[in-house]
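Chain letters run A, B, ... following the sequence lines, proteins first and then strands; every chain starts at 1. Keep in mind the model is a prediction, meaning the values are calculated, not measured.
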2 protein chains.
Amino acid sequence: MANIEAVAKQAGVSVASVSRVINGTAARADTEARVRKAIAELDYQPNSAARALKVRQSEQICLSFDDLANPAYIAMTRGVGRELSATKYRLILSSAFSSVEEIVKHLQTMGRGFADGLIISPIYSDERITKLIAVLQMPVVLVGTLPDGLDVDNVRVDSSAGIALAIEHLVETGRTKIGLINGPLNTKPGIRRKAAFEKAIKAAGFKFDKASVIQANTFSPEAGYFAFSEIDDFSKFDAFVCANDQLAAGAMKFASENGISIPGDIAIVGIDNTDMASLLHPTLTSVDLKAEERGEIAAQLMLDRLANPDRASKQITVEPKLVIRESTTKK
Amino acid sequence: MANIEAVAKQAGVSVASVSRVINGTAARADTEARVRKAIAELDYQPNSAARALKVRQSEQICLSFDDLANPAYIAMTRGVGRELSATKYRLILSSAFSSVEEIVKHLQTMGRGFADGLIISPIYSDERITKLIAVLQMPVVLVGTLPDGLDVDNVRVDSSAGIALAIEHLVETGRTKIGLINGPLNTKPGIRRKAAFEKAIKAAGFKFDKASVIQANTFSPEAGYFAFSEIDDFSKFDAFVCANDQLAAGAMKFASENGISIPGDIAIVGIDNTDMASLLHPTLTSVDLKAEERGEIAAQLMLDRLANPDRASKQITVEPKLVIRESTTKK
DNA sequence: GTCAGAACTGTAAACGATTACAGTTTGAGC
DNA sequence: GCTCAAACTGTAATCGTTTACAGTTCTGAC
């Protein structure tokens, strides 16, 4: 309720003095004391919207992604948050709970006035998001593959190389009949992982068989479980790469319930190397796509851009790393 | 860059008309068309801070919790998000990445101007947060146990009853030497679970032994693993309740690595019934504390309060539910 | 064509802060 | 006590919207 004018009156000074006390500009000790007293008495808190309007800064950075349930994004958030916590910027999160439209509108409103910068990691391959980014008049850092024609700061991971690592490892450990449990094809990772898988299989000297790709319709454990349950003949396979750890966990659950030995009958490689990988039984070999590190880098790019609005945009690529555990090697 | 005045000039109308077109108040078709054209030509987006300042609403609700890595909070977020997505309110998340001070400051700034309401679920038992809530001049819904003297909307779960359910189940299935892997004692759940455990053990007719409580220093799998590794003599126990599923997962990992059979030697009950419970091996019996439902209810309380600022505060309690799986029963 | 009423539009005053700029006070040095 | 610079303070404009109010333009009935 109380505004700066009320505080000024209570303290017997001008609004300018109150503002200066709040913002730490020089003031006589006497003045400062009276202002602080008045602030305390009135429970005054400055209105951030008014401040943001005037100084054209909100000191907030918005991180936006599509799937809160996906641990990889949580890791990314951790990276961004850690990097930001030493600065004046606060992190706010925006995650879509229904449609792409919702997220576009959310970001648009946030854009002018409520956030100084946007770090976005879109999972869905959707025109509208690309268009939004192009139009948004604020610093944007995109995490993930940069859509054509968009020239913004970017950090990505070479996930194809990650899939190749997984395939090489499987081949080296003697697997020859390798399948892919892929994520949905309306997502960017879904599209890219399928292509990368085909390429890596061929590079390993096998011929690529369409039937070796099983499409899940989400990135969830349930989808992984269901994908495995649809396989009629497991003898056609001796290994699977799964598009993320959650799919892998679901598949492993089905295997354990149905007497399929892992890694005895089938080896499994997950992707993302999330915390769960080492908790599963057997522990899960997984390709670390460095989500947390990408988050850190994204935040650094953003801070750098905010300090230096006119520099050319930077594109940074992170290298994946294969973490070998029991699901491909035990005994 | 472009503001409403620029649009007005470009369209040859007054700023009031532009504002009306944007906000859907009546306008002649002709006027509307010209305004829309100008908006498109200038890539105009209204400044949210200015709007929020004028209308005294941000249409944002802030959800704040302390531990982003904890799946229970993610579930809660899902509940809040779903409930809010049909309304005009947007959800923004604030999670502390370092100190309590940081979160208090964050919420304070957010408070006046950037958010219309605050849903907060503090895990740390800290004076400063209680004080903040009391002072904050905006609707607050607190998820969790209400600190003394605070009269705000509240939704909580009877977690003591949950622990009692767990103990009863263990006793019924023949366990007699039950321990607790507790979370940190500077957190509210840590404090409450310990007390509830002692009470339930006594209610079951056993005498309570201090040594049966093992303190972990975080709610993470690593802490659970470490807690189990500290136990010198497993023959003293035939069951453990763990303060959350993550601790349970870590403990089970240690057990599996060290030839302790679960549930053969030791039965395990987790708390929260997170997604991971059904993916572990063996699957984990867990007390569902209904985090998602609590999120939904919190959002409903908030919406109701926003529509009806003067009503008395409501306190709602949710009942926990025990979900029995293999870690207490298999064979 | 007139007129009443409805429908629309423009002017200008807010909302609550920040900050040039000009004016006032303070204090040191003589 | 005077002078001068440094230190502080107050006035008022400004940020980009919304909206009450008054003024204007339509519309349709007569």
Side-chain angles (χ1 to χ4, degrees), chain A residues 1-39 42-60 88 108-116 137-138, chain B residues 1-39 42-60 88 108-116 137-138:
Chain A
M1 266 318 277
N3 61 13
I4 199 172
E5 210 178 317
V7 175
K9 190 175 293 178
Q10 173 97 351
V13 300
S14 72
V15 293
S17 289
V18 177
S19 175
R20 280 187 287 252
V21 168
I22 293 169
N23 295 296
T25 326
R28 225 165 34 191
D30 167 42
T31 309
E32 169 154 4
R34 272 158 51 210
V35 169
R36 295 223 177 277
K37 180 154 165 279
I39 287 178
L42 299 174
D43 272 342
Y44 167 72
Q45 308 202 27
N47 181 305
S48 331
R51 167 162 230 281
L53 173 60
K54 182 63 191 169
V55 304
R56 314 172 100 84
Q57 275 207 40
S58 64
E59 306 193 342
Q60 301 198 126
K88 69 174 174 181
Q108 219 153 267
T109 335
M110 197 94 82
R112 300 256 298 145
F114 284 163
D116 297 341
Q137 289 156 25
M138 69 192 303
Chain B
M1 268 315 278
N3 62 12
I4 201 172
E5 211 179 315
V7 174
K9 191 177 291 179
Q10 173 95 352
V13 299
S14 72
V15 293
S17 289
V18 176
S19 175
R20 280 187 286 252
V21 168
I22 292 169
N23 295 297
T25 326
R28 226 166 32 189
D30 168 42
T31 310
E32 169 154 6
R34 272 155 55 207
V35 169
R36 295 224 177 277
K37 181 155 165 279
I39 288 177
L42 299 174
D43 272 341
Y44 167 72
Q45 308 202 27
N47 181 304
S48 328
R51 167 162 230 280
L53 172 59
K54 183 62 193 174
V55 304
R56 316 171 99 86
Q57 276 206 39
S58 65
E59 306 194 341
Q60 301 198 124
K88 68 175 174 179
Q108 219 154 269
T109 336
M110 196 95 80
R112 300 255 299 145
F114 285 163
D116 298 340
Q137 288 156 23
M138 69 193 303

Q.
For a quick check, tell me whether the side chain of B/Arg56 and the base of C/dG16 share a donor-acceptor pair closer than 3.5 Å.
A.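 No, the side chain and the base share no sub-3.5 Å donor-acceptor pair.
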Measuring to OP1 and OP2 of [N], would you say a side-chain N or O of [X] lies under 4.0 angstrom away?
X: B/Ser17; N: C/dG10; result: yes
X: B/Asn23; N: D/dT18; result: yes
X: A/Arg28; N: D/dT9; result: yes
X: B/Asn47; N: D/dG16; result: no

Rounded off to whole Å, could you give me the [atom1]-to-[atom2] distance for the [X] and [N] pair?
X: B/Glu5; N: D/dT18; atom1: CD; atom2: C1'; result: 14 Å
X: B/Asn3; N: D/dT18; atom1: CG; atom2: C1'; result: 14 Å
X: B/Gln57; N: D/dT17; atom1: CD; atom2: P; result: 18 Å
X: A/Lys54; N: C/dG16; atom1: NZ; atom2: C1'; result: 11 Å
X: B/Leu53; N: C/dA13; atom1: CG; atom2: P; result: 17 Å
X: A/Arg112; N: D/dT17; atom1: CZ; atom2: C1'; result: 11 Å
X: B/Phe114; N: C/dA17; atom1: CZ; atom2: P; result: 12 Å
X: A/Ile4; N: C/dT19; atom1: CD1; atom2: C1'; result: 11 Å

Side chain of [X] only, heavy atoms from C-beta on: which candidate in [options] is closest?
X: A/Ala16; options: D/dG16, C/dA17, C/dT19; result: C/dT19
X: B/Arg20; options: C/dG10, D/dT9, D/dT17; result: C/dG10
X: A/Ser19; options: C/dA17, C/dT18, D/dG16; result: C/dT18
X: A/Val15; options: D/dT18, C/dG16, D/dA12; result: D/dA12

Q | Interatomic spacing from CZ in B/Arg34 to CD in B/Gln10 - rounded to 0.5 Å | A |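 B/Arg34 CZ to B/Gln10 CD: 11.5 Å, rounded to 0.5 Å.
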Q | Within 6.0 Å of CD in B/Glu5, more than 12 heavy atoms from elsewhere | A |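 No, CD of B/Glu5 has 12 or fewer neighbouring heavy atoms, counting only those of other groups under 6.0 Å.
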For [X], report the nucleic acid contact type (base, sugar-phosphate, nothing); a contact means any heavy atom under 4.0 Å.
X: A/Val18; answer: nothing
X: B/Gln45; answer: sugar-phosphate
X: A/Ala52; answer: nothing

(Q) Can you give me the closest heavy-atom contact between A/Glu59 and A/Asp116, atom names plus distance? (A)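 Reported closest heavy-atom pair: N-OD2, 2.7 Å.
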Q | Shortest non-hydrogen contact between A/Ser58 and A/Gly113, atoms and distance | A |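 Minimum heavy-atom separation between A/Ser58 and A/Gly113: CB-O, 3.5 Å.
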(Q) Less than 4.0 angstrom from a charged side-chain N to a carboxylate O is my criterion; do A/Glu32 and A/Arg36 meet it? (A)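 Salt bridge: yes.
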Q | Whether A/Arg112 side chain and B/Gln45 backbone form a donor-acceptor pair below 3.5 Å | A |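 Confirmed, A/Arg112 side chain pairs with B/Gln45 backbone.
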Q: Would you mind telling me which residue lines up with the more 5' stretch of DNA chain C, B/Glu32 or A/Pro46, judged by nearest nucleotide?
A: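 Closer to the 5' end of DNA chain C: B/Glu32.
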